[in-house]
Amino acid sequence: MQVDKILVVAVHPDDETLGCGGTLLKHKAGGDEIHCLIATDIKESEGFNAALIMERNVEIKKVEKLFDFDSVHRLGLSTTKVDGYSMSELIIKISYVINKIKPNIIYLPFKGDVHSDHKYIFDAAYSCTKSFRYPFVKKIYLMETLSETEFSVSTQGDSFVPNVFVDISDYIDRKIEAMKIYESEIGDHPFPRSERNIRALATYRGATSGCDYAESFMLLKEIS
């Protein structure tokens, strides 16, 4: 049986859970390797206090254990300030991780997400998927990340239009369990990152694809 190597590129901690948490758990249950790249960190030099930083690091470790990631890589970029780095610097950092893992499947942030961090990380990460330099990459998916993707510009060419659906009915509760670990990132409805909204989106995507709960993606590239 072929074992897939999965890499999710999470711009911020929690993006991996929101965007493809159920799918990652399903991959793991099927015997695949799952790896996570977290692009940004909060830092004291950016105005975050030491206690919050310590709490966030504990949360990341707990989420790592829940998903049973085969590896987690943290680039340590300043959150909300990714546009301050040169594109070449971002590409070098991401390329190093991709070449180390050699994933055949990659999940990326949607290129039209409203957050500038997401846009820059998408551009840099996608540059690290050229077939002549990264021949091991065979599938690239774009994720739907609550509080970012649904606020993208709703015009033709800018909207998230899913064409891949993954049944996560057996994993929705653990996805929400993982999201609740990020205590400062989840809130009460109508806050976008609420348990109610996570379930609502998964229910909607499930209704589209004929199951109870689903995650949806845009297939950007597939090489057979």
Side-chain angles (χ1 to χ4, degrees), residues 4 6-30 32 34-38 63 66-69 103-115 117-119 121-122 125-126 138-182 185-222:
D4 287 321
I6 316 300
L7 174 64
V8 55
V9 176
V11 181
H12 310 102
D14 81 355
D15 287 341
E16 78 295 326
T17 302
L18 288 169
C20 61
T23 301
L24 290 172
L25 291 166
K26 191 169 187 174
H27 275 299
K28 191 68 177 181
D32 295 333
I34 58 172
H35 303 265
C36 183
L37 183 159
I38 300 173
V63 170
L66 186 149
F67 281 103
D68 192 19
F69 281 117
N104 61 307
I105 300 175
I106 297 181
Y107 292 90
L108 297 178
F110 175 54
K111 63 186 180 70
D113 280 353
V114 72
H115 200 308
D117 283 0
H118 284 231
K119 297 176 190 292
I121 294 299
F122 167 79
Y126 189 61
K138 301 301 182 183
K139 288 184 183 179
I140 304 168
Y141 296 103
L142 302 183
M143 301 183 292
E144 183 176 27
T145 308
L146 278 170
S147 80
E148 304 297 348
T149 308
E150 76 271 31
F151 289 107
S152 63
V153 178
S154 293
T155 58
Q156 188 174 5
D158 296 306
S159 298
F160 183 83
V161 183
N163 53 14
V164 174
F165 298 82
V166 178
D167 183 349
I168 62 162
S169 302
D170 293 336
Y171 305 99
I172 184 66
D173 291 335
R174 286 182 66 200
K175 170 175 176 158
I176 291 172
E177 180 185 349
M179 191 59 206
K180 285 182 175 178
I181 293 172
Y182 294 113
E185 300 299 329
I186 195 166
D188 295 328
H189 183 75
F191 186 65
R193 296 190 300 274
S194 66
E195 177 177 352
R196 179 174 166 182
N197 202 25
I198 294 169
R199 286 189 184 275
L201 179 60
T203 300
Y204 173 60
R205 295 309 187 192
T208 304
S209 53
C211 60
D212 287 335
Y213 296 101
E215 288 173 338
S216 66
F217 306 92
M218 289 178 65
L219 177 62
L220 190 60
K221 181 187 291 184
E222 180 174 12

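From a predicted model like this one, the values you see are computed outputs, not experimental measurements.
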Quiz prompt | Greater than 12 external heavy atoms within 6.0 Å of Lys221's NZ | solution = yes
Quiz item: Hey, what do you get for SG (Cys36) to CG (Leu7), rounding to the nearest 0.5 Å?
Solution: 7.5 Å
Quiz item: If you look at every heavy atom in Ile106 and Leu108, which pair is closest and at what distance?
Solution: CG2-CD2, 3.5 Å
Quiz prompt | Donor-acceptor under 3.5 Å (Thr203 side chain, Tyr213 main chain) | solution = no
Practice problem: Say whether Asp117 and His12, considering side chains only, have a donor N or O and an acceptor N or O under 3.5 Å apart. | Solution: yes
Quiz prompt | Atom of Lys119, atom of Lys111 and distance for their closest heavy-atom approach | solution = CG-O, 4.0 Å
Exercise. Identify the two heavy atoms, one from Asp113 and one from His118, that lie closest to each other, and give their separation to 0.1 Å.
Key: OD2-ND1, 2.8 Å
Quiz item: For the side chain of Glu148 and the backbone of Thr145, is there at least one donor-acceptor N/O pair under 3.5 Å apart?
Solution: no
Quiz item: What are the two closest heavy atoms between Asp68 and Ile34, and how far apart are they?
Solution: O-CG1, 4.2 Å
Exercise. With sequence neighbours left out, write down each residue that passes side-chain contact (heavy atoms from CB on, under 4.5 Å) with Ser194, or none if nothing qualifies.
Key: His189, Arg196, Asn197
Self-check item: Step-by-step salt bridge (Lys or Arg N to Asp or Glu O under 4.0 Å) determination, Glu222 to Lys138
Solution: CA-CA 6 Å; Glu222 180 174 12; Lys138 301 301 182 183; over 6 Å; no
Quiz item: Would Asp14 and Thr17 count as having a side-chain donor-acceptor pair, cut-off 3.5 Å?
Solution: no
Quiz prompt | Closest contact, heavy atoms only, Ser159 versus Met218 | solution = O-SD, 4.3 Å
Quiz item: Glu215 and salt bridge (Lys or Arg N to Asp or Glu O under 4.0 Å): which partner among Arg205, Lys175, Lys26?
Solution: Lys175
Exercise. Give a yes or no answer on whether the side chain of Glu16 reaches the backbone of Val8 with a donor-acceptor pair at less than 3.5 Å.
Key: no
Exercise. Please report the closest heavy-atom contact between Pro109 and Phe122, naming both atoms and the distance.
Key: O-CD1, 3.4 Å
Quiz prompt | Over 12 foreign heavy atoms within 6.0 Å of CG, Asp188 | solution = no
Practice problem: Report, as yes or no, whether the 6.0 Å neighbourhood of atom CZ on Phe191 holds more than 12 heavy atoms from other residues, nucleotides or ligands. | Solution: yes
Quiz item: Under the ring-ring contact (aromatic ring centres under 6.0 Å, His included) rule, what pairs show up with a residue in residues 144-178, not counting sequence neighbours?
Solution: Phe110-Phe160
